[in-house]
Asker: 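This structure is in structure tokens; I'll ask about it shortly.
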Amino acid sequence: MSALHVAVLANLKKNAPTFPGMPADYWADLDSEHTVEAITDALQQAGHRVTFLEGDVTLYDRLREIRPDICFNICEGHFGDSREAQVPAILEMLRIPYTSSKVLTLALALDKPMTKRVISYHDLPTPPFQVFERPDEPLDSSLAFPLFVKPSRQGTGMGISALSIVHDEPQLRTQVTQLLEAYEEPILVERFIDGRDVTVGMVGNLVSPVARRLPEDDEAPRIVRGLRFLPPLEIGLGDYAYEEAGLYTHRAKVDLADKLNYICPARLDPDQVETLNWLAAAVFRITDCLDVARVDFRLDKDDGDKPYILEVNPLPGLSPGISDLVIEAEAAGINHAALINLILDQALERYNMT
Ligand SMILES: Nc1ncnc2c1ncn2[C@@H]1O[C@H](COP(=O)(O)OP(=O)(O)O)[C@@H](O)[C@H]1O
Ligand SMILES: [Mg+2]
């Protein structure tokens with residue numbers, strides 16, 4: 001492949017706007033300079049010319065100026081309920097190719113309840129739920145305590161702590177009120193699944209992307225074709241399990257990341273891995289993911305480790321040595337630089353640029 005001009009598009013934490021009353025973890029899912037440097041190095045090692053562009057309001061003009069061959073997009077966006085979809089929308093207006101999923105997928109996946117509706121429509125397992133837009137909405141009689149309360153459109157464990165598990169009405173109302181105020185977005189209340197956190201990363205593309213529906217059971221194995229599954233990662237909170245209530249919280253993901261006990265491959269038997277991979281591929285398919293994604297599960301320890309889909313991450317974190325996907329790739333013998341180029345290669349193939 002000939003050398004390309006690749007623009008790395010990201011939102012750096014240090015460039016993020018601030019405003020009064022901003023929660024401390026508000027920009028937690030944005031990227032560090034270290035991550036962008038590592039991605040840049042990886043692409044340069046593969047012989048490409050690389051330019052970093054901040055994914056803010058200057059982006060449109062900058063792209064028109066430099067006209068890269070392709071963009072490596074990891075922008076999480078700043079504002080708006082479809083903020084992850086904004087940069088891909090600009091790229092499509094300018095007809096510039098880019099890595100990873102497109103507008104609809106990024107907007108959908110950022111909205112956990114809407115994604116769960118799509119997942120439920122396809123009869124895939126996700127915890128039963130209700131969305132609260134006001135703190136006093138009556139609780140559905142189908143939902144029993146304990147319940148789990150989280151923001152609808154955040155990531156990186158934002159808004160999640162030991163208080164997310166609520167055992168009665170007063171705790172539920174307090175937590176919903178607090179999150180509504182902090183994040184100013186609908187709040188998702190789900191059945192609490194007690195058990196292990198396991199996440200499955202994939203790189204690749206469906207072989208026959210025309211059929212977004214799920215095939216009948218006898219054809220089921222074909223839905224994984226075209227995807228390379230990374231070994232599943234189990235998040236062991238180690239010494240912090242009690243403090244963090246066994247949850248993969250923001251504090252665990254960011255402050256304690258280097259102290260956690262990442263178990264990769266997860267302690268699962270081959271049948272369980274196959275089931276998780278099938279479910280992950282099904283989610284990849286029905287949400288129209290491209291190139292890369294990570295699907296998060298919780299295994300219900302009271303029901304034979306039955307897997308529940310929590311969310312799909314079509315822009316999984318790519319911080320060297322820290323992000324789940326990067327740890328999974330390493331366990332498969334794929335280092336950070338190789339993972340980055342593998343993702344780029346998927347996009348180049350899709351655009352017939354190889
Ligand atoms: N319904 C639930 N029951 C139990 N734990 C949950 C539930 N939903 C989320 N969690 C915990 O919170 C963590 C983060 O939730 P997730 O929906 O994946 O959001 P994020 O976008 O912050 O990763 C999970 O990894 C898990 O530890
Ligand atoms: Mg998650």
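When a residue number appears, it is its place in the shown sequence, counting from 1. Read the numbers this way: they start at 1 and go in the same order the structure lists the ligands and their atoms. Here the structure is a predicted model, which means the values were calculated and not measured.
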Asker: Is it the side chain (CB and beyond), the backbone, both or neither of Arg191 that lies under 4.0 Å from ligand 1, heavy atoms counted?
Answerer: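 Backbone only; the side chain of Arg191 stays clear of ligand 1.
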
Asker: By atom name, which N, O or S atom belonging to Glu311 lies closest to the Mg ion (ligand 2)?
Answerer: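 Atom name returned: OE2.
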
Asker: What's the separation between atom SG in Cys75 and atom OH in Tyr98, rounded to the nearest 0.5 Å?
Answerer: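 Between atom SG of Cys75 and atom OH of Tyr98 there are 12.0 Å.
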
Asker: Quick one: does His250 get within less than 4.0 Å of ligand 1, heavy atoms only?
Answerer: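 Judged by the 4.0 Å heavy-atom criterion, His250 does not count as contacting ligand 1.
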
Asker: Nearest non-hydrogen atom to atom 26 (C) of ligand 1 belongs to which of Leu237, Leu247, Val198, Asp197?
Answerer: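 Closest candidate by heavy-atom distance is Asp197.
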
Asker: So does Asp305 pair up with Arg196, basic N to acidic O under 4.0 Å?
Answerer: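 Salt bridge between Asp305 and Arg196, a charged N being under 4.0 Å from a carboxylate O: yes.
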
Asker: Give the residue, atom name and distance (to 0.1 Å) of the protein heavy atom nearest atom 3 (N) of ligand 1.
Answerer: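 Atom 3 (N) of ligand 1 sits closest to the protein heavy atom Ile193 N, 2.9 Å.
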
Asker: Show your reasoning for whether salt bridge (charged side-chain N to carboxylate O under 4.0 Å, His left out) applies to Lys150 and Glu190.
Answerer: CA-CA 8 Å; Lys150 59 186 173 185; Glu190 284 185 332; 3.3 Å; yes

Asker: Which ligand 1 atoms are under 4.0 Å away from a heavy-atom of Glu190?
Answerer: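 Counting atoms of ligand 1 from 1, those under 4.0 Å from Glu190 are 1 (N), 2 (C), 7 (C), 8 (N).
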
Asker: To make sure I understand the geometry: which N, O or S atom in Asp296 is closest to the Mg ion (ligand 2)?
Answerer: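 Sorting the N, O and S atoms of Asp296 by distance to the Mg ion (ligand 2) puts OD2 first.
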
Asker: Run the salt bridge (charged side-chain N to carboxylate O under 4.0 Å, His left out) check on Asp81 and Arg83 step by step: do they pass?
Answerer: CA-CA 6 Å; Asp81 51 16; Arg83 56 193 177 276; over 6 Å; no

Asker: Should we count CD of Glu137 as having more than 12 external heavy atoms under 6.0 Å?
Answerer: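 Check passes, neighbour count above 12.
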
Asker: What is the closest protein heavy atom to atom 19 (O) of ligand 1, and at what distance does it sit?
Answerer: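 For this ligand atom, the closest protein heavy atom is Lys112 NZ, 3.1 Å.
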
Asker: Identify, for atom 11 (C) of ligand 1, the protein heavy atom at the shortest distance, and state residue, atom and that distance.
Answerer: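 Here the nearest protein heavy atom works out to Phe148 CZ, 3.6 Å.
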
Asker: Would the number of heavy atoms belonging to other residues, nucleotides or ligands and lying under 6.0 Å from CZ of Phe19 be above 12?
Answerer: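 Yes, CZ of Phe19 has more than 12 neighbouring heavy atoms, counting only those of other groups under 6.0 Å.
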
Asker: Hey, which atoms in ligand 1 end up nearer than 4.0 Å to a heavy atom of Gln154?
Answerer: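 The atoms of ligand 1 under 4.0 Å from a heavy atom of Gln154 are 21 (O).
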
Asker: Cut-off 3.5 Å, side chains only: do Glu54 and Asn11 have a donor facing an acceptor?
Answerer: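 A donor-acceptor contact under 3.5 Å links the two side chains.
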
Asker: By number and element, which atoms of ligand 1 are closer than 4.0 Å to a non-hydrogen atom of Phe192?
Answerer: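 By the 4.0 Å cutoff, the relevant atoms are 3 (N), 4 (C).
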
Asker: If you have a sec, work out which protein heavy atom is nearest atom 13 (C) of ligand 1 and how many Å separate them, to one decimal?
Answerer: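 Nearest neighbour among protein heavy atoms for atom 13 (C) of ligand 1, to 0.1 Å: Tyr248 O, 3.5 Å.
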
Asker: Above 12 or not: heavy atoms from other molecules or residues under 6.0 Å from CZ of Phe79?
Answerer: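 Enclosed: over 12 neighbouring heavy atoms sit under 6.0 Å from CZ of Phe79.
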
Asker: Check ligand 1 against Lys150 and write out every atom of the ligand that is under 4.0 Å from a heavy-atom position of the residue.
Answerer: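 Every atom of ligand 1 under 4.0 Å from some heavy atom of Lys150: 8 (N), 9 (C), 16 (P), 17 (O).
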
Asker: Go through the structure and list residues passing ring pair (Phe, Tyr, Trp, His ring centres under 6.0 Å) with His78, not counting sequence neighbours.
Answerer: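 Ring pair (Phe, Tyr, Trp, His ring centres under 6.0 Å) check on His78 returns Trp27.
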
Asker: Between Thr156, Thr126, Ile160, Asp194, which one has a non-hydrogen atom sitting closest to atom 15 (O) of ligand 1?
Answerer: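 Checking each option, the heavy atom nearest atom 15 (O) of ligand 1 is found in Ile160.
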
Asker: Regarding Glu328 and Arg294, does a basic nitrogen lie under 4.0 Å from an acidic carboxylate oxygen?
Answerer: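 Answer for the salt bridge query: no.
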
Asker: Any N/O of Gly157 closer than 3.5 Å to an N/O of ligand 1?
Answerer: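 Yes: some nitrogen or oxygen of Gly157 is under 3.5 Å from one in ligand 1.
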
Asker: What I want to know is whether Glu311 and ligand 1 share at least one N or O pair that is separated by under 3.5 angstrom.
Answerer: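 The answer is yes, given that Glu311 and ligand 1 share an N or O pair closer than 3.5 Å.
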
